[in-house]
Amino acid sequence: MFQKIANVLSIISFLMVTSVIGGGYFGYKYVTSEQFKSKLMKEVMGNVSGLMPKVLDQGLPNMTGPSLPTTSLPKF
């Protein structure tokens, strides 16, 4: 009786391990695919494109200062 229970549990354990490994493999293949990348980029660009004109109008200054402050150097 115990042998039958142990065999059933080992079969269930094997099926669980193979399903986790298979799910991880196919999940990795999907996440690294070009289809997933393009789908994600379309979604991100759709959300960001409405914000870009507002951010650019508020964030860019009309005039900038010098890149480095210029001071007179001491003469030797």
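When a residue number appears, it is its place in the shown sequence, counting from 1.
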Tell me, yes or no, whether the heavy-atom count around Y30 atom OH, taken from other residues, nucleotides or ligands under 6.0 Å, exceeds 12. yes
According to a hydrophobic-cluster definition based on side-chain heavy atoms being under 4.5 Å apart (Ile, Leu, Val, Met, Phe, Trp, Tyr only), do L15 and I21 belong together? no
Inter-residue atom distance S33.OG - K39.NZ, 0.5 Å rounding: 10.0 Å
Starting at CE of M16, measure out to OG of S13 and round the result to the nearest 0.5 Å. 7.0 Å
